[in-house]
Colleague: 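The structure follows.
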Amino acid sequence: MKSLPSLRHALALARHGNYARAARELNLSQPSLTRRIALLEQELGVRLFDRTRAGVVPTAYGRVLIERAESQLKKPRAILQ
């Protein structure tokens, strides 16, 4: 599974459907978020989001990643002793 920041970036982009709004939520610049999503897509070897005039929408691969990321982020974290 990819790093938590990568998953959070993809989730924010899917939630907002817009790079600028997602970047604002994540306290990143829009170009930085764009680069991070591009790197994630490159690492996975698939396109995760389609860019349209109306905004950004997840591809089939993106929807799978989002579903898995949501389930990963909902799992309780181990308590350090």
Side-chain angles (χ1 to χ4, degrees):
M1 183 53 76
K2 294 294 165 192
S3 70
L4 286 180
S6 295
L7 298 179
R8 288 191 176 110
H9 296 155
L11 287 172
L13 184 55
R15 189 170 38 256
H16 291 285
N18 178 282
Y19 276 93
R21 287 191 296 264
R24 199 167 23 255
E25 175 189 317
L26 296 164
N27 294 315
L28 296 172
S29 68
Q30 182 270 322
S32 178
L33 179 59
T34 300
R35 282 190 301 273
R36 291 175 188 208
I37 294 295
L39 180 60
L40 179 60
E41 289 176 329
Q42 184 179 20
E43 289 174 3
L44 294 173
V46 295
R47 190 161 194 91
L48 298 172
F49 295 94
D50 285 327
R51 288 84 171 155
T52 69
R53 287 181 177 247
V56 179
V57 294
T59 63
Y61 292 110
R63 288 189 298 273
V64 170
L65 178 82
I66 291 160
E67 182 181 307
R68 291 184 181 178
E70 286 173 337
S71 78
Q72 283 294 316
L73 293 173
K74 287 180 185 176
K75 287 184 180 180
R77 300 211 169 112
I79 299 174
L80 299 176
Q81 297 179 359

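All residue numbers refer to positions in the sequence shown, counting from 1.
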Colleague: Output, in order, the C-alpha distance, side-chain angles, deciding distance and verdict of side-chain contact (heavy atoms from CB on, under 4.5 Å) for L48 and L13.
Modeller: CA-CA 10 Å; L48 298 172; L13 184 55; over 6 Å; no

Colleague: In Å and rounded to the nearest 0.5 Å, what is the CZ to CD distance from R35 to Q42?
Modeller: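 Atom-to-atom, R35:CZ and Q42:CD are 13.5 Å apart.
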
Colleague: Identify the two heavy atoms, one from L40 and one from S6, that lie closest to each other, and give their separation to 0.1 Å.
Modeller: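 So the two residues come closest at CD2-O, 4.0 Å.
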
Colleague: For residues 26-33, which side-chain donor-acceptor pairs fall under 3.5 Å, sequence neighbours excluded?
Modeller:
unit_1: S29; atom_1: OG; unit_2: S32; atom_2: N; d: 3.2
unit_1: Q30; atom_1: NE2; unit_2: T34; atom_2: OG1; d: 2.7
unit_1: S32; atom_1: OG; unit_2: R36; atom_2: NE; d: 3.3

Colleague: With side chain to side chain donor-acceptor pair (under 3.5 Å) as the test, pick out the partner of H16 among R21, E25, R24.
Modeller: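 Per the side chain to side chain donor-acceptor pair (under 3.5 Å) rule, the option paired with H16 is E25, out of R21, E25, R24.
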
Colleague: Closest approach of R51 and I37, non-hydrogen atoms and distance?
Modeller: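 Minimum heavy-atom contact is NH2-CG2, 4.1 Å.
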
Colleague: Which distance, rounded to the nearest 0.5 Å, do you find between the CZ of F49 and the CG of L65?
Modeller: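 F49 atom CZ to L65 atom CG measures 7.0 Å (nearest 0.5 Å).
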
Colleague: Could you grab the distance from atom CG of L7 to atom CZ of R68, nearest 0.5 Å is fine?
Modeller: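 With rounding to 0.5 Å, CG (L7) is 11.5 Å from CZ (R68).
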
Colleague: Would you kindly confirm whether L11 and V57 end up in one hydrophobic cluster when ILVMFWY residues are joined by side chain heavy atoms under 4.5 Å apart?
Modeller: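 No: no chain of side-chain contacts under 4.5 Å links L11 to V57.
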
Colleague: Indicate, with yes or no, if L39 and V56 share a hydrophobic cluster defined by side-chain heavy-atom contacts under 4.5 Å among Ile, Leu, Val, Met, Phe, Trp and Tyr.
Modeller: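 The answer is no; the residues belong to distinct hydrophobic clusters.
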
Colleague: Is there any side-chain hydrogen bond (donor to acceptor under 3.5 Å, both in side chains) pair reaching into residues 55-66, and which pairs are they, with sequence neighbours excluded?
Modeller: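 Sorted result for residues 55-66: empty, none.
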
